[in-house]
Each structure stands twice: as C-alpha cells, then as structure tokens.
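The structure appears below as structure tokens.
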There are 2 protein chains.
Amino acid sequence: MARILVLEDEKAINDLVALNLGMVGHTVVQAFTGKEALSIAERTPLDLLILDVMLPDTNGFSVYEKLKGTPAIFLTALGETADKVKGFERGADDYIVKPFEMTELLLRVEAVLRRTHKSERRYQIDDLEIDFEAKTVTKGGEPVDLTLQEYALLEVLIKNRNIALSRQRLMREAWDVSFLGESRTIDVHVQRLRKKLGLDDRIKTIYRLGYRFEEGL
Amino acid sequence: MARILVLEDEKAINDLVALNLGMVGHTVVQAFTGKEALSIAERTPLDLLILDVMLPDTNGFSVYEKLKGTPAIFLTALGETADKVKGFERGADDYIVKPFEMTELLLRVEAVLRRTHKSERRYQIDDLEIDFEAKTVTKGGEPVDLTLQEYALLEVLIKNRNIALSRQRLMREAWDVSFLGESRTIDVHVQRLRKKLGLDDRIKTIYRLGYRFEEGL
DNA sequence: GGCAGTTGTAACAGAGTTGTAAAAACACGT
DNA sequence: ACGTGTTTTTACAACTCTGTTACAACTGCC
C-alpha cells in the first residue's frame with residue numbers, strides 16, 4: 001500500500017487512474033498541473049509518481065527532476081516516446097504509451113513498488129515476522145508489543161533497507177509533519193527497537209549520520 | 001462462494017461469464033434485461049452484480065442504483081468509460097473494459113468479494129456463532145441481542161480481521177457516510193461488543209490507532 | 001592517550017489515549 | 001406527547017506512550 005501522486009491534466013484520465021489505484025489499496029493524491037504536484041510533494045511524502053509527459057504548464061520530466069529520488073512512471077503519447085526514453089535509464093522507473101490498458105498500468109505500478117520495496121505488508125527476517133497492516137510482530141513465535149511510533153520507524157528502516165538514513169530523513173518519514181523537536185528522540189526509539197526485537201546487528205549505527213537496516217549483503 | 005447476478009444481453013457473453021464463474025464455485029443467476037435483473041434481485045439475495053453498461057431496455061447504472069448496497073462490476077465498451085466513471089466513487093465496485101480476458105474478470109470478482117467479504121455470511125469462533133444476514137448471535141448456544149449498529153461494527157471488524165483498523169476507517173465503513181462526529185462513539189460500541197460477547201481478548205486495542213479483531217494468531 | 005563530539009541507556013513526567021459509567025439526545029411506534 | 005430502546009456525548013479515572021534529560025560509553029582524530 002503506497003502513496004502515489006497522479007499528475008495528469010485530463011481530468012477523466014486522472015480520475016480513472018486514481019480510481020483504479022485506490023481500488024487496489026493505494027493512497028492516491030491527484031494533481032492537474034506541475035505546480036500543484038510540486039506543492040503537494042513538498043508537504044507529503046510519496047512512494048511513486050505517475051506523470052503525464054505533456055502538460056499545459058510544464059512537462060512530466062521537469063517535475064520528475066525536481067522530485068529526484070522518487071520513482072516515477074511516465075505516461076506518454078505515441079509520438080513522443082523514442083527520444084525521451086533516455087530519461088528512464090535508471091532502474092526504478094518505467095513508462096507507458098497512451099492509450100493504455102488499466103491492467104497494464106496496475107501491473108507496472110506493482111512492479112515498480114516491488115523493486116523499491118514500497119508496498120510490502122509483511123516482512124520476515126531471521127526469527128522475526130512483522131505484519132505492518134495488522135501491526136503485529138512475533139519473534140521466534142512469541143508476540144512482541146510495539147507502539148505505533150515504533151512501527152512507523154521500523155517500517156521506514158525496513159522499506160529503505162541497506163540505505164543509510166539520516167536522522168532528519170527518519171524524522172520526516174516516520175513522524176507527523178508537525179513534529180519539530182531536535183533531540184535524541186530517534187536514538188531512543190532505535191534503542192527500543194533493538195532491545196525489543198533483538199536487532200542489534202541489523203540496525204546499524206552510521207556515526208554522525210543516522211541508521212541503516214541491513215539485510216543480506 | 002458467492003451468489004452472483006450476471007446482466008448482459010448478449011447471450012454468448014452472458015453464458016461464457018456464467019459458465020466461468022460457476023466453474024470456480026459461485027452460484028450464478030443470469031439476466032438478459034434490466035427488468036429481469038430487478039425481478040430476480042427482489043426475490044434472491046445477491047453478493048455481487050456483474051452489469052453490462054449498455055442494454056436494450058436500460059443501462060447497468062440504473063439497475064445498480066436501484067440495487068444500491070450490492071457491490072457491482074460493470075462491463076463497459078471502450079468508448080463509454082471516461083465519463084461514466086463517477087459512478088464508482090464508492091469503494092466496493094469495479095469495472096472492466098470489453099473485450100476482456102476471462103481471467104481478468106475472475107480476478108476482479110475475487111478482489112471485490114474479498115474487499116466486501118460477502119462470500120461469508122456466517123462466522124464462528126470459540127463458542128460464538130454469528131449470522132450477519134439473519135442478524136443473530138449465539139454464545140454458547142444462548143442467543144445474544146445485538147443492536148444494528150453493533151452488528152455493523154462487528155461485521156467490519158470481523159471481515160477485516162487481523163488488520164489494525166483506525167477509528168476513522170471504522171467510522172467510514174460501519175457508520176453512514178455522512179457521519180462526521182469526532183468523538184468516543186466507537187470506543188463505547190467496542191466496549192459493548194466486548195461485554196456482550198466476551199470478546200475482550202479478540203478485539204484488541206491498538207493504542208493511538210483503533211482496534212483489531214484477532215483470529216488464530 | 002586525550003579530547004570533543006556522538007551515541008547508548010535508564011528513568012521520569014507530562015501529554016495524550018482509552019475504559020467505563022452515566023447522562024443526554026435521538027428514533028420510532030403507539 | 002409518551003415510553004422504549006438505541007446511539008452519541010460527557011466526564012473522569014486509569015493507563016500508555018513519548019520526548020527529554022542526565023550520564024555513561026564509545027568513536028575518530030590529533
């Protein structure tokens with residue numbers, strides 16, 4: 001279940017896409033202009049962008065540039081594909097030629113989310129089993145109690161596994177936007193996760209930066 | 001296994017759909033006109049409607065309107081999608097563009113049924129036995145009185161069992177859409193369910209979020 | 001090794017959240 | 001209008017969580 005932004009000026013298409021994504025359980029935000037999209041992205045974290053290439057006020061690529069880091073799927077009309085494809089050399093992105101089948105879009109969305117680890121409901125490692133939707137954790141079969149805030153933090157860590165995350169970023173992604181406190185809050189929460197789940201080895205401290213959840217490697 | 005009405009005037013397609021649905025275990029009723037569909041719906045309870053949008057005597061939407069409450073999947077030809085989509089703002093429904101793959105239809109049927117959990121009418125756990133359609137509950141053989149609202153809440157909890165449900169979501173799904181009150185209503189109703197049904201252990205409080213019905217964990 | 005900066009850890013208090021009972025508001029038939 | 005049964009609101013006590021603080025332990029660098 002991911003947070004997805006749909007940027008497409010044609011209302012009918014935008015609605016259609018949003019509707020279908022919502023149907024399969026994602027949280028969808030709709031934007032009709034590039035400006036709108038950027039202002040939304042500023043305020044809420046997003047897992048995936050679906051960008052129309054041709055827009056009245058700008059084009060999907062420049063929006064994508066400004067939101068670098070967030071994976072994207074581009075919607076492009078038939079003529080404009082070939083030369084622009086260079087944009088997608090990266091791995092997390094994709095594009096679809098209009099007109100498209102809704103099932104195709106849904107499939108590609110799932111594929112991208114799977115690649116970027118953004119929509120997993122359950123996660124298993126060692127003797128740990130975490131269900132983010134049920135909000136349950138078992139360790140070696142025994143249930144463990146986590147608080148909501150601990151789930152939020154753990155989820156961010158796991159979904160960005162093998163990436164070093166700054167405290168600032170962890171704050172942004174796992175805490176309510178309004179939260180401002182600059183303090184040792186995160187350290188304490190990490191400590192609680194390590195203790196409750198026996199994750200001393202998997203949640204690694206990056207000196208002077210933040211933390212990283214390690215898997216495989 | 002659900003009871004499904006197929007309304008589609010082209011006999012070949014209707015038969016095909018009915019056949020396939022029957023094949024996977026559903027009970028299928030076929031209708032070829034809107035009038036027929038309504039008369040059938042009057043007499044037998046249905047879990048899902050599959051409605052052709054274009055019909056000789058009417059259209060799928062108006063049939064849907066008259067049977068409000070029953071989830072539906074619309075079959076629509078390519079041109080007529082965009083403007084009609086407003087019909088699906090609700091969560092339980094879906095649509096498919098003709099021509100479609102039979103597997104796609106079957107998948108969407110299962111998805112809708114899963115979302116609405118309509119394939120189960122009764123639910124049993126421990127010494128409890130609940131019939132959501134009859135609106136009866138027995139606990140250890142003895143009948144228990146629940147109010148309508150209590151059934152609604154219990155149903156949402158059970159049909160989303162093992163998922164942590166926010167108060168907001170419970171409100172949306174178990175109360176009339178229009179309800180806005182930000183209050184302790186849900187807490188009180190949960191408390192009554194726990195007391196009346198002895199569900200203290202099964203309905204778990206998720207601090208700062210809402211509740212979760214637990215089954216076999 | 002010594003130092004400044006950084007992280008680990010335990011304990012605490014206040015804010016926020018839930019359980020519960022009882023009152024108030026509402027719905028509906030008579 | 002009244003009475004009955006249901007639903008929402010209110011009030012308060014009990015409880016949980018969370019950010020903070022203080023100090024110990026550690027890290028990297030000179």
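Below, chain A is the first sequence line, B the second, and so on; all start at residue 1. Predicted, not measured: the structure shown is a model, and the values here were computed from it.
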Want to settle it: does A:Arg192 or A:Ile206 sit nearer the 5' end of DNA chain C, counting the closest nucleotide to each?
A:Ile206
Please report, rounded to the nearest Å, how far the C1' atom of D:dT16 is from the NZ atom of A:Lys196.
11 Å
Are there more than 12 heavy atoms of other residues, nucleotides or ligands under 6.0 Å from atom CD of A:Glu110?
yes
Looking at A:Tyr211, I'd like to know whether one of its side-chain N or O atoms comes within less than 4.0 Å of OP1 or OP2 on C:dG8.
yes
Minimum-distance nucleotide to A:Val188 side chain [options: C:dT9, C:dT20, D:dT8]
C:dT9
Just by distance, with hydrogens left out, do B:Asn162 and A:Lys135 show a side-chain donor and acceptor under 3.5 Å apart?
no
Considering only side-chain heavy atoms of A:Gln191, which listed nucleotide, C:dT7, C:dA10, D:dG19, is closest?
C:dA10
Whole angstrom value for the distance that separates P of D:dT8 from CG of B:Leu170:
13 Å
Side-chain N,O (B:Lys195) to OP1/OP2 (C:dT20) below 4.0 Å
no
Euclidean distance, B:Asp200 CG relative to B:Gln191 CD, rounded to 0.5 Å:
9.5 Å
Counting heavy atoms from C-beta on, name the nucleotide in D:dG19, C:dG8, D:dT10 closest to the side chain of A:Thr205.
C:dG8
Could you state the atom-to-atom distance from CD of B:Gln149 to P of C:dC28 in whole Å?
13 Å
Quick one: A:Asp201 CG to C:dG8 C1', roughly how many Å, whole number?
15 Å
Short side-chain N/O contact from A:Thr147 to OP1 or OP2 of D:dT18, under 4.0 Å:
yes
Specify the separation, in whole Å, of atom CZ of B:Arg167 and atom P of C:dT17.
9 Å
Nucleotide D:dT7, atom C1' - distance to CD1 of B:Ile186 in whole Å:
13 Å
If you count every heavy atom of other residues, nucleotides or ligands that lies below 6.0 Å from A:Arg121 atom CZ, does the total exceed 12?
yes
Within this structure, what is the CG-CG distance for the pair B:Leu113 and B:Asp47, rounded to the nearest 0.5 Å?
7.0 Å
Counting any heavy atom closer than 4.0 Å, what does A:Leu209 reach on the DNA or RNA strands: base, sugar-phosphate only, or nothing?
sugar-phosphate
B:Arg194 (side chain) and C:dT18 (base): donor-acceptor pair under 3.5 Å:
no
So does B:Arg167 pair up with B:Asp187, basic N to acidic O under 4.0 Å?
yes
Which of the following nucleotides, D:dT20, D:dT18, D:dT7, is nearest to the side chain of A:Leu148?
D:dT18
Could you tell me whether the side chain of B:Arg184 has a donor or acceptor atom within less than 3.5 Å of a complementary atom in the base of C:dG16?
no
Between C1' on D:dT27 and CG on A:Asp187, what's the gap in Å once rounded to a whole number?
14 Å
D:dG19, OP1 or OP2 - any side-chain N/O from A:His189 closer than 4.0 Å?
yes
Within this structure, what is the CG-to-P distance between A:Asp176 and C:dA15, rounded to whole angstrom?
18 Å
Looking only at N and O atoms, is any donor in the side chain of A:Tyr207 or the base of C:dT6 less than 3.5 Å from an acceptor on the other one?
no
Would you say a side-chain N or O of A:Trp175 is under 4.0 Å from OP1 or OP2 of D:dG19?
yes
